[in-house]
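Residue numbering restarts at 1 for every chain, and letters A, B, ... go by the order of the sequence lines.
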Number of protein chains: 2
Amino acid sequence: MQITSRFTLAIHTMLCIASFSSSRKVTSNFIAESTNSNPVIIRRLIGQLKEAGLVEVKPGIGGATVAKPLDEINLKDIFNAVEVVNDKMFNFHDNPNCKCPVGKNIHTILDEHLNDIEEAMNNQMRKTNLMMLLEETKPYL
Amino acid sequence: MQITSRFTLAIHTMLCIASFSSSRKVTSNFIAESTNSNPVIIRRLIGQLKEAGLVEVKPGIGGATVAKPLDEINLKDIFNAVEVVNDKMFNFHDNPNCKCPVGKNIHTILDEHLNDIEEAMNNQMRKTNLMMLLEETKPYL
DNA sequence: CCGGTTGTAACGTCAATGGTTACAACCAAA
DNA sequence: TTTGGTTGTAACCATTGACGTTACAACCGG
């Protein structure tokens, strides 16, 4: 099991926009070069980030900017924007046998525990925001 | 992003073995029926659980049993056994541009935070063991 | 009007998952 | 010793999703 590279790619993208949008026009091409990716990939990604209200894009002229204060954008926001978690993160096998006492109740019993796991992950994600990451980048600039 | 159904399938399998192995022979066929899956899928799964030291299987005669006290097997143990997490859970995009200050340091900066997220998830998984799950099943038996 | 950019559709490739059939190896019981 | 039920695996196949690429209409400032 692996979580898509789209997540780290999106964080990287947000950091690029946050770092450079004040001094230059940040285009999908520019970000694609920094991330060693493809302009179209980045545009699709930015499309998702835009829809989540995290960035703003100028069509035509080009260039993206961050749409919120950096300390109000955390990793969970980015995760939500770009990773499609279809309802729940944990997948269930379909139609367990109702005649088996375990199969009959597995869903009821596990759901709570799986939610707890998901929630633990979410809480930890919320603890890191873009402001913090940018601060950590500064020593290297 | 979804975590494979193999995880919940493995938990279901472990619960079946724990519940029934004292009263009947628990074969891959039996579990496949309870989980609405396929005997071969179950055998491969049990192979992984066996390798992790969680179950024992009698070849030839057939039937699986739990290899450890139930309160010493937690969800993280099962997760480790069946979900192949290739090094880290979070995938990085390859070769970010070294000439970009963000691209150059993204890995260093993010790694710690991503590890924290993974660890939060792992810790929560360790809090639930098979004994607890089995207790929760009992009211329904 | 032109050049650079975004948004998106339409493909292609690749890997992983889940499923299935088939069969050798194994072992207990008849 | 044979038989029957079982495990362990190999060999496929179908489906899905991620990622990449080309192509092109729509957009907008100079």
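- Between B:His107 and B:Phe92, the ring-plane angle classifies as parallel under the 30° and 60° cut-offs.
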Full working for salt bridge (charged side-chain N to carboxylate O under 4.0 Å, His left out) between A:Lys76 and A:Glu83:
CA-CA 10 Å; A:Lys76 174 63 177 160; A:Glu83 291 282 353; over 6 Å; no
Summary of protein contacts for nucleotides 3-12 of chain C, nucleotide by nucleotide, where a base hit scores B, a sugar-phosphate-only hit scores S (4.0 Å, heavy atoms)
-BBBBBBB--
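- Checked against C:dG18, D:dG20, D:dA18, the side chain of A:Thr4 finds its nearest nucleotide in D:dA18.
- Taking 4.0 Å as the cut-off between side-chain N and carboxylate O, A:Lys68 and A:Glu56 do not count as a salt-bridged pair.
- When side chains are defined from C-beta on, B:Val82 does not count as touching B:Leu9, because their heavy atoms never get closer than 4.5 Å.
- Across A:Ile78 and A:Ala10, no two heavy atoms sit closer than the pair CG2-CB, 3.6 Å.
- Following rounding to the nearest Å, A:Glu83 (CD) and D:dC19 (C1') show an atom-to-atom distance of 13 Å.
- Distances from the side chain of A:Arg6 to the nucleotides D:dA18, C:dT21, C:dT17 place D:dA18 closest.
- For the pair B:Asn38 and C:dT20, the criterion of a side-chain N or O lying under 4.0 Å from OP1 or OP2 is met.
- In this structure a side-chain-to-backbone donor-acceptor pair under 3.5 Å is present from B:Lys25 to B:Ile61.
- As rounded to whole Å, 16 Å separates atom P of C:dA16 from atom CD1 of A:Ile3.
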